[in-house]
Amino acid sequence: MHEIGQRRDYSEKLINELSKSLTKSAGWTQNVGCIYATGSLGRLEASPHSDVDAFIGCKQEGDQHHISNLTTIRIKAELIEALKALELPEFDSDGRYLERFTPTQLIEATGSNHDDAENTFTARLLLLLESRPIVGSNFHKTMQADVVNAYWRDFDKHGDSFVPAFFANDALRLWRTFCVNYEARANSKPEAEKGHRRTKNIKLRFSRIMTIFSALLVFLNVERLNGTVTHVDALRVFGLTPIDRLAELISFKEVEAALKIYNDFLAETNRSNEDLQSAFAKDLFYYKMRSNSAEFSKSIFEALNKVGKDTKLLPMLMV
């Protein structure tokens, strides 16, 4: 699929260029941290018009952070300059979400009353579902492994028949949170921002479904084949891009259909934000994309039911 391949090539090239630009950050994070991309770049679906979303990972021992607040500021400054040098868009929301997290923070916040407020919820799930290291790949793997161990903490008790219900519940909560946040913000937007609102809506219908449900689909398949889902399975799945996860299941016609529709979505949206919002402001284009997104959602739904038939995990996703 042409657009998927082009996006991957561009994303891998950009990550390599960013990595070469962040020489000081590579030194500051060596063995004790990482910088990882999420969003379209983390999914290897970026285009020249895409924003860069990133987080900083940091080792923690007790109350000690191995990357200090001042060093974090220096890393952010180098990242900002790297984007400027590569003529990329500035960080979204004035850099509000360019934050430093430790595995301990991400794990201990799970289910707490501050998980959403401190952005640990989103950072934790995106670390697993759609992240790629820019610098510090070894520590990035360590972060993922620590979070997986927390979600798979009951595996030893049910090793022969374990399903990742804990993770699945958090993943579904992320999907519902994206949906609720969109509805709340969309209703407050003036009519003049119709193109912006519609762009967000369609990207939600495609990219966020792909991010979350591609992982759940592979876990359903692993359970179907093996009767259990291990830590090793999880780390392998989280090491794949969402597109690669679906590609593993291409023998299911529902998955093949979803991938083709997703490739077309990427091709249709490969344009500047200004041009894209202008296109979405027009009813003909918007309703065409809504129709395509409905077909994509239907294909994913049918794939879940087909792949997950007779599994224990599928009913847990529904009820």
Side-chain angles (χ1 to χ4, degrees), residues 36 42-43 103-104 106-112 115 120-133 137-177 208-256 258-259 299-319:
Y36 61 92
R43 296 190 301 271
T104 301
L106 298 182
I107 292 165
E108 291 184 350
T110 308
S112 71
D115 201 11
T120 47
F121 173 49
T122 301
R124 182 175 63 253
L125 270 296
L126 295 188
L127 169 69
L128 299 182
L129 290 168
E130 58 167 41
S131 73
R132 280 290 174 277
S137 58
N138 287 338
F139 190 79
H140 176 262
K141 290 178 182 177
T142 296
M143 285 189 75
Q144 285 192 323
D146 287 349
V147 175
V148 165
N149 286 338
Y151 279 123
W152 264 251
R153 64 192 183 193
D154 292 329
F155 178 82
D156 289 342
K157 300 176 185 176
H158 313 283
D160 293 336
S161 58
F162 182 85
V163 294
F166 185 10
F167 166 77
N169 285 332
D170 237 10
L172 291 175
R173 181 162 71 103
L174 181 66
W175 167 240
R176 300 304 179 197
T177 299
R208 292 313 184 188
I209 287 176
M210 173 65 88
T211 291
I212 294 163
F213 289 96
S214 63
L216 295 176
L217 268 167
V218 179
F219 286 139
L220 287 170
N221 193 50
V222 171
E223 186 202 343
R224 180 180 69 88
L225 295 174
N226 303 330
T228 189
V229 183
T230 70
H231 303 75
V232 175
D233 293 325
L235 289 172
R236 187 189 68 79
V237 170
F238 295 137
L240 299 172
T241 67
I243 286 174
D244 285 341
R245 293 174 201 143
L246 287 198
E248 280 200 350
L249 305 173
I250 197 73
S251 60
F252 292 92
K253 65 180 181 182
E254 298 84 357
V255 173
E256 183 182 15
L259 269 175
S299 295
I300 294 293
F301 174 75
E302 291 175 346
L304 287 165
N305 283 285
K306 183 74 169 289
V307 176
K309 183 182 179 182
D310 299 326
T311 64
K312 292 192 301 179
L313 182 57
L314 182 61
M316 294 179 184
L317 302 182
M318 306 300 178
V319 182

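Numbering of residues begins at 1 and proceeds along the displayed sequence.
- Side-chain atoms of L129 and F167, non-hydrogen and from C-beta on, do get closer than 4.5 Å to each other.
- The shortest distance between side-chain heavy atoms of L313 and E223 falls below 4.5 Å.
- Between W152 and F162, the ring-plane angle classifies as tilted under the 30° and 60° cut-offs.
- You'll find the side chain of S131 reaches within 4.5 Å of the side chain of Q144, heavy atoms only.
- The backbone N or O of I107 lies less than 3.5 Å from a partner atom in the side chain of T110, making a donor-acceptor pair.
- With hydrogens and angles disregarded, no donor-acceptor distance shorter than 3.5 Å links the side chain of R124 to the backbone of A109.
- A cation-pi geometry, defined here as NZ or CZ lying under 6.0 Å from the six-membered ring centre and within 45° of its normal, holds between R173 and F121.
- Between the side chains of T228 and D160, no donor-acceptor pair is found at a separation under 3.5 Å.
- Distance alone, capped at 3.5 Å, places no donor-acceptor pair between the S112 side chain and the E108 backbone.
- Looking only at distances, a side-chain donor or acceptor of T120 sits under 3.5 Å from a matching main-chain atom of D115.
- Aromatic pair F238/F219: centroids less than 6.0 angstrom apart.
- R245 places a side-chain N or O within 3.5 Å of a backbone atom of L240 that can act as its donor or acceptor partner.
- Checked by atom type, the side-chain pair E130/T211 shows a donor-acceptor distance below 3.5 Å.
- One N or O on the side chain of K312 and one on the backbone of S161 form a donor-acceptor pair closer than 3.5 Å.
- In this structure the side chain of E248 reaches within 4.5 angstrom of the side chain of V218, judged on heavy atoms.
- At a cut-off of 3.5 Å, with distance as the only test, a side-chain donor of T230 or D233 sits close to an acceptor on the other residue.
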